Amino acid sequence: RVRLPAPPDRLSADELRRLRGTADRAALQVRYHDGALHQRRRPGGDQARGIFDALEQTRLQALGCRDLAGVALNLDSLLEHICRIRGYEFVDGRDERLAADAVSLIVRERLTGMKLPAAAAPLVDPWRSQFQEKAAPALQRLAATIADQGAFASAALMMSVRFVFSFILLFLFSGLL
């Protein structure tokens with residue numbers, strides 16, 4: 001069952017695209033997501049779980065963007081709105097609390113080939129070079145398995161756990177933990 005927000009009487013073109021993006025996101029979830037499989041593969045630990053969940057949402061949206069140009073426009077409009085309301089344009093440096101968001105946006109860019117909204121740059125840019133350098137094989141596996149949730153979940157699980165592990169090592173060796 002899917003619930004969408006009731007639209008106001010008058011919508012701007014941007015508001016209509018965001019509403020359609022919300023509907024498209026829900027439809028992609030219904031069409032391509034197996035909740036039981038997702039729960040079985042889901043890692044423990046808040047950070048790894050957050051990254052894993054974000055990667056699955058990215059997979060669903062990438063499937064819609066890949067096959068349907070109108071859906072891509074609607075999801076892009078919704079993403080731009082989300083970036084603005086979450087204040088990504090004001091992020092200064094790498095923020096561990098936003099790691100799942102940064103990772104999912106980098107992966108979204110790779111899976112869809114679509115440029116991210118400008119408001120996402122301050123969040124994503126501090127993570128991009130290190131992540132793409134170290135995660136290039138994992139990004140390739142995610143791209144190769146996008147249509148198979150089970151295979152994608154295995155690749156996403158490995159990426160999530162490795163990311164958290166490397167973050168912990170970074171803190172250990174920098175003396176912050």
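Start at 1 with the first residue, then count along the sequence. Side chains are part of it too, since the values below use all heavy atoms of this structure and drop only hydrogens, waters and symmetry mates. Nothing here was measured: the structure is a model prediction, and the numbers come from that model.
A side-chain donor-acceptor contact under 3.5 Å links S12 to the backbone of E15. Put simply, the side chain of E56 never gets that close to the backbone of H33: no donor and acceptor are under 3.5 Å apart. Panel note: side chain R49, backbone R42; no donor-acceptor pair is recorded below 3.5 Å. Under a 3.5 Å cut-off, the side chain of R59 and the backbone N or O of Y32 do form a donor-acceptor pair.
The two residues L142 and A156 have their closest heavy-atom pair at CD2-N, 3.7 Å. Taking every heavy atom of both residues into account, W127 and D95 meet most closely at CZ2-O, 3.6 Å. Listed here is the closest heavy atom pair of A147 and L63: CA-CD2, 4.3 Å. Between A121 and P126, the closest heavy-atom pair is O-CD, 4.0 Å.
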Q: Verify side chain to side chain contact (heavy atoms under 4.5 Å, CB included) between L55 and F152, making sure each step is shown before the conclusion.
A: CA-CA 9 Å; L55 290 175; F152 186 91; 4.3 Å; yes
Q: I would like to know whether L75 and R25 meet side chain to side chain contact (heavy atoms under 4.5 Å, CB included); could you show each step before the answer?
A: CA-CA 7 Å; L75 291 173; R25 185 173 58 183; 4.1 Å; yes
Q: Begin from the C-alpha positions of M159 and L139 and carry the test side chain to side chain contact (heavy atoms under 4.5 Å, CB included) through to its verdict.
A: CA-CA 9 Å; M159 178 183 275; L139 284 168; 4.2 Å; yes
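Side-chain contact between R41 and Q149 is absent, with no heavy-atom pair separated by less than 4.5 Å. No side-chain heavy atom of Q61 sits under 4.5 Å from any side-chain heavy atom of L79. A 4.5 Å side-chain heavy-atom check between V103 and T58 finds every atom pair outside the cut-off.
In this structure, I146 is not a member of the same hydrophobic cluster as L37, with clusters built from ILVMFWY side-chain heavy atoms closer than 4.5 Å. There is no path of hydrophobic side-chain contacts, each under 4.5 Å, that joins L73 to M114.
Screening residues 104-116 for side chain to side chain donor-acceptor pair (under 3.5 Å) gives E109-R128 as the qualifying pairs, with residues at least two apart or on separate chains. A ring pair (Phe, Tyr, Trp, His ring centres under 6.0 Å) check over residues 76-96, counting only residues at least two apart or in different chains, returns nothing.
Scored by the ring-ring contact (aromatic ring centres under 6.0 Å, His included) test, F52 finds H38 as partners (sequence neighbours excluded). Scanning for side chain to side chain donor-acceptor pair (under 3.5 Å) contacts around D67 gives an empty result, with sequence neighbours left out. Judged as a side chain to side chain donor-acceptor pair (under 3.5 Å), and not counting sequence neighbours, D76 has no contacts.
When the shell of 6.0 Å around CE of M158 is examined, it contains 12 or fewer heavy atoms from other residues, nucleotides or ligands.
Side-chain contacts under 4.5 Å among hydrophobic residues (ILVMFWY), followed directly or transitively, place L78 together with I82.
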